[in-house]
Amino acid sequence: MVKYFLGQSVLRSSWDQVFAAFWQRYPNPYSKHVLTEDIVHREVTPDQKLLSRRLLTKTNRMPRWAERLFPANVAHSVYILEDSVVDPQNQTMTTFTWNINHARLMSWLPGPMQVVEERCVYRVNADNSGWTEIHREAWVSSNLFGVSRAVQEFGLARFKSNVTKTMKGFEYILAKLQGEAPSKTLVETAKEATEKAKETALAATEKAKDLASKAATKKQQQQQQFV
């Protein structure tokens, strides 16, 4: 059994801008789960298409029941291969991604823990040539005996969550490339509020110490006058 996902998103930027942002989208505030990215192959074909293969390392927090089954280094990271084909003449970019270290974790496992395959097509939006649409498909599969359904459900939920982060990250990078001030993330806003609260509390503490010191000095002076 395989869990299937189909979705379509729109970025309000031209295909050229999205193509440029695609190679610069890490790091961004929404991609903290992406640890590394490396280009392992790149070539231009005779028909002027750009072929690339990248290797990405991402964090991969598993549910607690799965963490008990696998070593810590396996349970907390995953390697992703990403193949892409860019056709500048037709203004399309197609990407294929899949994880490689969960395909066969240990020899004693009866099947792969979890395989997530994704195919995305970036093309000019049919209704607005200044926008870019993304057609996204994904397949989540597992043959792990006894828990395959749970693994697939968890994988699909994680994938949907990551799609949301991917789109937010894209919008963030596009805003930066276009010279716009990207909106602050909730984490950044919360961090700033926390820091401001700490500064306010520290200032209040220092002021209270100063007032207490002045009061003590004044009391001491009054006592000396009565001696």
Side-chain angles (χ1 to χ4, degrees), residues 3-39 42 50 52-61 77-99 116-140 154-196:
K3 293 291 182 180
Y4 176 69
F5 173 88
L6 174 64
Q8 185 162 303
S9 307
V10 174
L11 290 168
R12 298 188 178 188
S13 299
S14 69
W15 184 87
D16 290 338
Q17 291 171 330
V18 172
F19 168 64
F22 179 81
W23 305 107
Q24 303 178 57
R25 69 189 192 278
Y26 303 127
N28 69 70
Y30 302 95
S31 67
K32 294 181 179 179
H33 62 293
V34 180
L35 305 177
T36 64
E37 58 170 331
D38 297 282
I39 297 175
R42 176 162 283 173
L50 176 66
S52 303
R53 168 167 286 187
R54 296 200 301 173
L55 176 66
L56 300 99
T57 307
K58 301 182 179 182
T59 57
N60 186 61
R61 185 178 59 82
S77 64
V78 61
Y79 299 103
I80 307 291
L81 273 180
E82 174 195 85
D83 285 350
S84 60
V85 181
V86 180
D87 184 350
Q89 183 175 357
N90 295 310
Q91 291 189 305
T92 64
M93 176 169 61
T94 304
T95 64
F96 305 88
T97 61
W98 66 99
N99 60 312
V116 181
E117 299 175 333
E118 179 189 37
R119 179 178 184 269
C120 291
V121 180
Y122 299 74
R123 57 195 174 202
V124 178
N125 181 259
D127 299 324
N128 189 325
S129 60
W131 293 358
T132 304
E133 64 182 43
I134 307 173
H135 181 83
R136 191 187 309 273
E137 293 180 280
W139 298 264
V140 182
F154 180 82
L156 184 60
R158 170 69 59 79
F159 177 81
K160 291 179 179 179
S161 174
N162 285 342
V163 167
T164 300
K165 293 178 183 177
T166 296
M167 295 306 297
K168 288 180 179 292
F170 243 129
E171 292 169 353
Y172 182 92
I173 296 299
L174 283 165
K176 287 188 67 175
L177 293 179
Q178 294 167 18
E180 300 173 7
S183 58
K184 296 177 181 178
T185 66
L186 289 175
V187 174
E188 290 172 326
T189 302
K191 185 176 180 180
E192 286 186 4
T194 301
E195 292 298 326
K196 189 173 182 179

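Residue numbers start at 1 and run along the sequence shown.
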So, Asp83 side chain and Phe96 main chain: donor-acceptor pair closer than 3.5 Å or not? no

So, for Arg123 and Trp15, which heavy atoms are closest and what is the spacing to 0.1 Å? CA-CD1, 4.0 Å

Smallest heavy-atom separation, Trp23 atom then Ser84 atom, equals CH2-OG, 3.4 Å

Reported OG1-to-CG distance for the pair Thr92 and Asp87, which is rounded to 0.5 angstrom: 4.5 Å

Parallel, tilted or perpendicular, judged at 30° and 60°: which one describes the rings of Phe159 and Phe5? perpendicular

Check Phe170 against Val18 and note the closest heavy-atom contact, atom names and distance. CE2-O, 3.8 Å

May I ask you to establish whether Arg54 and Tyr26 are in a cation-pi arrangement, using a distance under 6.0 Å from NZ or CZ to the six-membered ring centre and at most 45° from the ring axis? no

Working to the nearest 0.5 Å, report the span between CE of Met93 and OG1 of Thr132. 8.5 Å

Distance from Lys165 atom NZ to Tyr30 atom OH, nearest 0.5 Å? 11.5 Å

Between Gln24 and Ile173, which heavy-atom pair has the shortest distance, and what is it? O-CD1, 3.7 Å

Please round to the nearest 0.5 Å and tell me the distance separating atom CD1 of Ile80 and atom CG of Leu55. 9.0 Å

Are Gln91 and Asp16 close enough that some pair of their side-chain heavy atoms sits under 4.5 Å apart? yes

Correct closest heavy-atom pair for Ile134 and Cys120 would be CG2-CB, 4.3 Å

Below 4.5 Å, heavy atoms only, C-beta onward: do Asn125 and Arg12 meet side chain to side chain? no

Side-chain heavy-atom pair Thr95, Tyr122 within 4.5 angstrom cut-off: yes

What distance do Glu137 atom CD and Glu117 atom CD have between them, rounded to the nearest 0.5 Å? 11.5 Å

Might you point out which heavy atoms bring Gln17 and Leu174 nearest each other, and give the distance in Å? O-CD2, 3.5 Å

Look up atom CD1 in Ile39 and atom CD in Glu82, then write down how far apart they are to the nearest 0.5 Å. 9.5 Å

Per side chain to side chain contact (heavy atoms under 4.5 Å, CB included), Leu35 is matched among Thr57, Val78, Leu56 by Thr57

Please say whether more than 12 non-hydrogen atoms of neighbouring residues, nucleotides or ligands are located less than 6.0 Å from CD in Gln8. yes

Sub-4.5 Å side-chain heavy-atom contact between Lys58 and Asn162: no

